[in-house]
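Take a look at the structure below.
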2 protein chains.
Amino acid sequence: MENSDDLFHFLSNTNDSFFPEPASSIMQQSFSSSFSYYPLQPFNAPPHQDKALAALRNHKEAEKRRRERINAHLNKLRTLLPCNSKTDKASLLAKVVERLKELKQQMSEITQSETFPSENDEISVLSTGGDGSGGDGRLIFKASLCCEDRSDLIPDLVGILKSLHLTTLRAEIATLGGRTRNVLVVATDKDRSVESIHFLQNSLHTLLQHNGASKRRRVVGPNFIV
Amino acid sequence: MENSDDLFHFLSNTNDSFFPEPASSIMQQSFSSSFSYYPLQPFNAPPHQDKALAALRNHKEAEKRRRERINAHLNKLRTLLPCNSKTDKASLLAKVVERLKELKQQMSEITQSETFPSENDEISVLSTGGDGSGGDGRLIFKASLCCEDRSDLIPDLVGILKSLHLTTLRAEIATLGGRTRNVLVVATDKDRSVESIHFLQNSLHTLLQHNGASKRRRVVGPNFIV
DNA sequence: AGTCACACGTGACAC
DNA sequence: TGTGTCACGTGTGAC
């Protein structure tokens, strides 16, 4: 028992071993020396193995570089997450997965929700389904306009709505980086109905065409669902 | 040369080796059998090493589990990124770092830009530094109001601005989840100056107090920098 | 051929 | 103590 222990320590595989280390690939297996062609000759290794030894050394170093590359990236990840340098590789990766899913979800929520202006000009006029005002014949629908921002866009929009006798129930206006998106929930007058929607649609279209006279952009829509 | 090659293959370390595998830890080093206490006895291993053998087996299995855990997370990452299952571990991690930085940047841009309404009521009135209208004495500043949304908030705001003879140069309005944030860039009249800012500030404050009569919220600010 | 990347078993170290 | 993590050298298959 203590014998084997001593043996363990004496033979412990330090890097500065006095044995030429590339030889170990063969030596490792030489316990089956009953079959070995070179039993018990650790210091007189089989001749002409220089190539193999060199290859082995290259392999060893390449593997070390690979490990270093991976660990370097893992350390970068450590700095990008709320975790100290002593967190486990596995736990670190778990946190990374977690965080990535989280950010992905948030980003999709943000971009998919139409609060932000997109890069493309868009018009949509959508019926909200039923009318929300107790069956008195008023139509409620949502109009969305996304385009380059300009100072008198809102007044123009207000003018259009007024001329069509539409009342604005709700407005979401976002401008970002020179682009704007306006989402309006509007209601028709009691006596005027579906044609208002077409008028609004046309008006928005001309508004957008007027807007984008200088800079051409792809126009998505108009979209119309009743 | 060809001898050693044969030796390599014959002794190749397969899992189903007919040697009891835990013994290899000692056997690996036994090439220095000139020092070994048990030279050349691979089939009659030193007695009473059962504990050591069991420990070694446990160790081996634990290490395998650890590797599997890490690789499982790496595979999860592969599914979360635009990359197939044949991408390198290192490259995969590089992509992860890249993507994480990217998302982090985007999120900070979005959240730090005050386009989204926050959970807390806020008022801020900030001078933009110089005046942007050619030194004609008009002051330009940015007023921000974040509070619960209500239908006549904008009209109230417009009324305040009109009564203070402030003209709106730019407006960013965002509503989200029942909360709204309005950022207004306004300019004073030529003859009226700093006191307009205080009036606006007070007006916004009363507006917000009136707004939040039912639901109490923390009020951040008002903030005033000239 | 030779290079690359991966999984494995193992010694070392930590708590 | 054992239990877990890490780096290392190595075998091996893929291209």
Side-chain angles (χ1 to χ4, degrees), chain A residues 4-17 19-32 49-75 78 83-95, chain B residues 1 4-17 19-32 49-75 77-78 83-95:
Chain A
S4 69
D5 234 348
D6 289 342
L7 180 61
F8 268 84
H9 285 93
F10 180 76
L11 295 175
S12 77
N13 195 7
T14 58
N15 286 341
D16 45 36
S17 165
F19 300 118
E21 56 172 333
S24 64
S25 77
I26 304 159
M27 300 314 179
Q28 270 197 359
Q29 312 289 349
S30 69
F31 65 88
S32 60
Q49 293 215 341
D50 315 358
K51 304 296 181 296
L53 299 190
L56 211 52
R57 200 184 57 242
N58 286 341
H59 184 31
K60 189 190 347 183
E61 289 166 357
E63 180 63 13
K64 184 170 180 62
R65 279 195 298 273
R66 173 178 166 270
R67 277 194 304 264
E68 287 171 349
R69 216 161 52 232
I70 292 177
N71 286 333
H73 287 138
L74 286 176
N75 285 331
R78 270 180 241 271
C83 74
N84 49 44
S85 63
K86 272 316 284 175
T87 48
D88 217 336
K89 278 186 191 178
S91 321
L92 170 66
L93 288 176
K95 279 178 201 280
Chain B
M1 186 60 155
S4 69
D5 234 349
D6 289 342
L7 180 61
F8 267 83
H9 285 94
F10 180 76
L11 294 175
S12 78
N13 194 8
T14 58
N15 285 341
D16 43 36
S17 164
F19 300 117
E21 54 173 336
S24 62
S25 75
I26 304 160
M27 301 315 179
Q28 270 196 358
Q29 314 288 350
S30 68
F31 66 87
S32 59
Q49 292 215 342
D50 316 358
K51 305 297 181 297
L53 299 188
L56 211 51
R57 201 184 57 242
N58 286 340
H59 182 32
K60 192 193 338 185
E61 289 166 358
E63 181 64 13
K64 183 170 181 64
R65 280 195 300 273
R66 173 179 165 269
R67 277 195 302 263
E68 288 172 348
R69 214 163 49 236
I70 292 177
N71 286 333
H73 288 138
L74 287 176
N75 286 331
L77 285 178
R78 269 180 241 271
C83 73
N84 49 43
S85 63
K86 273 315 284 175
T87 49
D88 227 338
K89 276 187 192 179
S91 323
L92 169 67
L93 289 176
K95 280 178 201 277

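Since this is a predicted model, take the numbers as computed values, not measurements. Below, chain A is the first sequence line, B the second, and so on; all start at residue 1. These numbers come from the heavy atoms of this one structure, side chains and all, not from hydrogens, waters or symmetry mates.
- Atom pair A:Leu56:CG and D:dC8:P shows a separation of 16 Å (rounding to whole Å applied).
- Where DNA chain D pairs in unbroken runs of 3 or more (Watson-Crick or G-U, both distances under 3.5 Å), the stems are C:2-15 with D:2-15.
- A donor-acceptor pair under 3.5 Å is formed between the side chain of A:Arg78 and the backbone N or O of A:Thr87.
- Regarding B:Leu53, its CG atom lies at a distance of 14 Å from the C1' atom of C:dT10, rounded to whole Å.
- Between B:Leu93 and A:Leu93 the shortest side-chain heavy-atom distance falls below 4.5 Å.
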Protein-nucleotides 2-5 of chain C N/O pairs under 3.5 Å:
| from | atom 1 | to | atom 2 | distance (Å) |
| --- | --- | --- | --- | --- |
| C:dA5 | OP1 | B:Asp88 | OD2 | 2.7 |
| C:dA5 | OP2 | A:Arg69 | NH2 | 3.2 |
| C:dA5 | O3' | B:Asp88 | OD1 | 3.4 |

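- Nucleotide D:dT5 holds its P atom 15 Å from the CG atom of A:Asn71, rounded to whole Å.
- In this entry the distance linking CD1 of B:Ile70 with P of C:dC6 reads 13 Å, nearest Å.
- Side-chain contact between A:Arg66 and A:Ile70 is present, with at least one heavy-atom pair separated by less than 4.5 Å.
- We find that CG of A:Leu74 is positioned 13 Å from C1' of D:dA7, with the value rounded to whole Å.
- With rounding to the nearest 0.5 angstrom, the OG atom of B:Ser91 is 11.5 Å from the NZ atom of B:Lys86.
- A close approach under 4.0 Å does occur between a side-chain nitrogen or oxygen of B:Lys64 and OP1 or OP2 of C:dC8.
- Heavy-atom nearest nucleotides on DNA chain D were determined for A:Arg67 and for B:Lys86, and the one closer to the 5' end corresponds to A:Arg67.
- Residues B:His73 and A:Lys89 have side chains not in contact (no heavy-atom distance under 4.5 Å, counting atoms from C-beta outward).
- When rounded to the nearest whole Å, the span between CD of B:Glu68 and P of D:dG4 equals 14 Å.
- Donor-acceptor pairing under 3.5 Å, judged by distance alone, is absent between the side chain of A:Arg57 and the base of D:dG9.
- Only one option out of B:Arg67, B:Arg65, B:Glu61, B:Lys60 pairs with B:Glu63 in a side chain to side chain contact (heavy atoms under 4.5 Å, CB included); it is B:Arg67.
- Remark: P of D:dT5 and CG of A:Leu92 are 13 Å apart, rounded to the nearest angstrom.
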